Amino acid sequence: MSARRVVVSQRVARQTLPISSAVIAGDLVFLSGHVGFRKDRSFAKGDFRAQARQALENIKTVLEDCGTSLERVVKVNVVITRVEDFAAFNEIYREYFGEGNYPARATHVAGLVNPDLLVEVECVAQLPSHG
């Protein structure tokens, strides 16, 4: 059985909470929830689309740091804070995941710890096979 490995990306905003950017276990990569923070921990207050794009950029970056990509994502969990942003999220999501080859996904409407954050995205991806 493969060892469990913690990944702390240096290319996204540094975590202040007791969580890792991702954990690799076997051939799967489990990403923590990522929000719309830029590397300097700033974010577009009140701008859902900017936060959603940044959250997905952060996911893409951490996946690359783990040796995989958006194309290998098998499951996505999304939290949005306003139901009226659901259609906008779907539009942006299509830009990142392409048409017709979508991972399994759940989207929830709920509050986030920081009331200025409007979206959080987490996912599970496969590592490329090494054989």
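As the structure is a computational prediction, the values presented were derived from the model and not from experiment.
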task: Check step by step if side-chain contact (heavy atoms from CB on, under 4.5 Å) holds for Val124 and Leu31.
output: CA-CA 6 Å; Val124 177; Leu31 269 67; over 6 Å; no

- request: Starting from the C-alpha separation in whole Å, work towards a yes-or-no answer on side-chain contact (heavy atoms from CB on, under 4.5 Å) for Val119 and Val35.
  value: CA-CA 6 Å; Val119 60; Val35 295; over 6 Å; no

- request: Show your working on side-chain contact (heavy atoms from CB on, under 4.5 Å) between Leu127 and Ile24 and close with a plain yes or no.
  value: CA-CA 9 Å; Leu127 290 172; Ile24 297 173; 3.7 Å; yes

message: Would Arg105 and Asn90 count as a side-chain contact (heavy atoms from CB on, under 4.5 Å) here? Give the steps.
response: CA-CA 11 Å; Arg105 184 180 115 190; Asn90 284 334; 2.6 Å; yes

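More than 12 non-hydrogen atoms from other residues, nucleotides or ligands lie less than 6.0 angstrom from NZ of Lys39. Within 6.0 Å of CG in Asp40 there are more than 12 heavy atoms belonging to other residues, nucleotides or ligands.
Annotation: the span from Leu56 atom CG to Cys123 atom SG amounts to 9.0 Å, rounded to 0.5 Å. Arg11 CZ to Asp65 CG: the interatomic distance, rounded to the nearest 0.5 Å, is 4.0 Å. Atom CD1 in Ile59 sits 11.0 Å away from atom CD in Gln54 (nearest 0.5 Å). Interatomic distance, CG of Asp27 versus OG of Ser129, reported as 9.0 Å (0.5 Å rounding). Taking OG1 from Thr107 and CG from Asp85, the interatomic distance works out to 12.0 Å, rounded to the nearest 0.5 Å. The distance from the CG atom of Asn101 to the CG atom of Leu70 is 11.5 Å, given to the nearest 0.5 Å.
One hydrophobic cluster, built from ILVMFWY side chains closer than 4.5 Å, holds both Val8 and Val23. In terms of hydrophobic clustering, with Ile, Leu, Val, Met, Phe, Trp and Tyr side chains grouped at heavy-atom distances under 4.5 Å, Val74 and Leu63 are assigned to different clusters. Residue Leu117 is not grouped with residue Ile19 when hydrophobic side chains (ILVMFWY) are merged at heavy-atom distances under 4.5 angstrom, including chains of intermediate members. By the criterion of side-chain heavy atoms lying less than 4.5 angstrom apart, applied directly or through intervening Ile, Leu, Val, Met, Phe, Trp or Tyr residues, Val7 is grouped together with Val76 in one hydrophobic cluster.
Counting only residues at least two apart or in different chains, ring pair (Phe, Tyr, Trp, His ring centres under 6.0 Å) contacts with residues 52-100 comprise Phe89-Tyr93, Tyr93-Phe97. Sorted by first then second residue, the ring pair (Phe, Tyr, Trp, His ring centres under 6.0 Å) pairs that include residues 23-43, not counting sequence neighbours, are Phe37-Phe43.
Of all heavy-atom pairs between Val62 and Ala22, the closest is CG1-CB, 3.9 Å.
The residues Glu95 and Arg53 are annotated as salt-bridged, a charged nitrogen and a carboxylate oxygen being separated by less than 4.0 angstrom.
In the model, Asn77 has a side-chain atom that pairs as donor or acceptor with a side-chain atom of Lys75 under 3.5 Å. Remark: the Asp47 side chain and the Gln51 side chain contain no N/O donor-acceptor pair separated by less than 3.5 Å.
Put simply, the side chain of Ile92 reaches to within 4.5 Å of the side chain of Arg49, judged on heavy atoms. Between Val78 and Glu120 there is no side-chain heavy-atom pair separated by less than 4.5 Å. Under the 4.5 Å side-chain criterion, counting only non-hydrogen atoms from C-beta, Leu118 is not in contact with Ile80.
With Thr61 contributing its side chain and Glu57 its backbone, the two residues share a donor-acceptor pair below 3.5 Å. Judged purely by atom type and a 3.5 angstrom limit, Arg72 uses its side chain to pair as donor or acceptor with the backbone of Gln126. A donor-acceptor distance shorter than 3.5 angstrom exists from the side chain of Ser32 to the backbone of Ser20, with no hydrogens or angles considered.
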